[in-house]
There are 2 protein chains.
Amino acid sequence: MTHFPHSNGMEKQIKIPEATIDRIALYYRILEDLLAQGVQVISSQKFASVCRINPAQVRKDLSFFGEFGVRGVGYNVRDLLMEIKKILVSDREWKLGIVGLGNMGKALVRDENFFRRGYRFVAAFDSDPAKIGQEVVKDLFIRSMAEISLATDQLRIEIGVITTPPLHAQRVADLLMDAGIMAILNFSAIQVRKPDCCLVHNVDFTVNLDNLAYHLKKRS
Amino acid sequence: MTHFPHSNGMEKQIKIPEATIDRIALYYRILEDLLAQGVQVISSQKFASVCRINPAQVRKDLSFFGEFGVRGVGYNVRDLLMEIKKILVSDREWKLGIVGLGNMGKALVRDENFFRRGYRFVAAFDSDPAKIGQEVVKDLFIRSMAEISLATDQLRIEIGVITTPPLHAQRVADLLMDAGIMAILNFSAIQVRKPDCCLVHNVDFTVNLDNLAYHLKKRS
DNA sequence: GCCTGTGAATCCATTCACAGCT
DNA sequence: AGCTGTGAATGGATTCACAGGC
């Protein structure tokens, strides 16, 4: 939750809002587009209008991490992209292990967005004996659940992705955490119990739909 | 953003936090579990500990919509479930149309969670001529993009789901909005431009991964 | 005694507004 | 003149703490 701004070591720690991290990830994606379009320099004003947020928000978000702009000018798109890459630790690959190769699991490992952003599925596990040994995508063979512990260690898996039915999810999460994994992206519709040291993000699209439905109804 | 609490009409409008709506959706899922486990009554204290949030938060969230508990006792699980069902408008079906039947699109229409929560995919569209006519799931045949407008109207589609590549996403969103759709769940990695009247939720798992990666790094 | 419902207090995030640099 | 970086002000959301009811 805290950070040494400007990376020169000894200042007081500053709390960085969680929302800022997520927006920075968004900025990264939009800066990529701008660069592809040949934009070299952009003001917080213009950039914010592309992102559909407040210009001061952009400047404040970036200011948590350093001073990346030029007064009177704006931000160099390529440079800012590189800075954000460092902030988000997107300047290296992250190794993922996925458990549960049903429709959703398969869709995720085949989704090239993960690869493009530096996320590599290096292992896949399923409890269905019929699936074990299947090559779900080039060079990725489905392993048994019993292999989770060893493979996590040997392949240095850093983030676990759970796409099993809810009933198995807690057991799978425990296996992953026992194997030393500190971060989990959980697509199963349960709240995973976990120690404070482990990070878990839950993804449930039907919650998004409930939210949309609520607002649709309210407007009508 | 506003609501008439207790549903008797003429009180001043109260702003309901967006986060409250999302938590209410979470409560709904957890109450289903509790009911399945045979729990009949639960205090905000116990319920909050299951949800891993603050008890006052639970009570405050619910209080925006009415008084559902009994002082000195707690909340009746079945009754609260029914009340939340009404709040979230989960007491009826919602019709979805999906555009883009790649890996992710197919995984979504085959995911039984949507069905269980009352969300029905009633139409599927893709631009690939080879896919048109395919039965992607029982009774759901892929249509051409040209049919979006007519089908949306005839089938009374209420929410659009976009699972196309980013390049097509804006065009698809425009088609859906032109056809009168007021809510979109967008899985493509772009920020959709839209009028204020239309609701759009963006889903990008790689943003979740970026967030996890950031925190993993910071801790190490 | 126990637990809900809620105003008040606190905490956090966003936006304003301007000093400071180019 | 133009735009960043940031303290101060505002606006929201969460939590506290207790009055009120079972």
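Every chain is numbered from 1, with letters handed out A, B, ... down the list of sequences.
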Practice item. Hey, could you give me the CD1/CD1 distance between B/Ile84 and B/Ile24, rounded to the nearest 0.5 Å? Key: 5.0 Å

Point to revise | Closest to side chain of A/Ser63, choosing from C/dC16, D/dT6, C/dT4 | key: D/dT6

Revision key, fill the gap. Side-chain atoms of B/Arg59 come closest, of C/dA13, C/dT6, D/dT4, to C/dT6

Practice item. Would you please confirm or rule out a distance under 4.0 Å between OP1 or OP2 of D/dG5 and any side-chain N or O of A/Tyr75? Key: yes

**Study point:** Within the 6.0 Å centroid threshold, strictly below: B/Phe205 and A/Phe205
**Key:** yes

Review point. Nearest heavy-atom pair of B/Ala173 and B/Val192: which atoms, and what distance?
Key: CB-CG1, 3.6 Å

Review point. Can you tell me if the side-chain N/O atoms of B/Ser44 get under 4.0 Å from OP1 or OP2 in C/dC3?
Key: no

Check your understanding: How many Å lie between CG on B/Asn76 and C1' on C/dT4, as a whole number?
Key -> 15 Å

Practice item. Provide, to the nearest angstrom, the distance between the CD1 atom belonging to B/Ile21 and the P atom belonging to D/dG12. Key: 16 Å

Check your understanding: In this structure, are over 12 heavy atoms from other groups packed under 6.0 Å from A/Lys194 atom NZ?
Key -> yes

Review point. Starting at the 5' end of DNA chain D and moving along, which residue's nearest nucleotide shows up first, A/Val70 or A/Lys60?
Key: A/Val70

Revision key, fill the gap. DNA chain C nearest-nucleotide lookup for A/Ala56 and A/Val73: closer to the 5′ end is A/Ala56

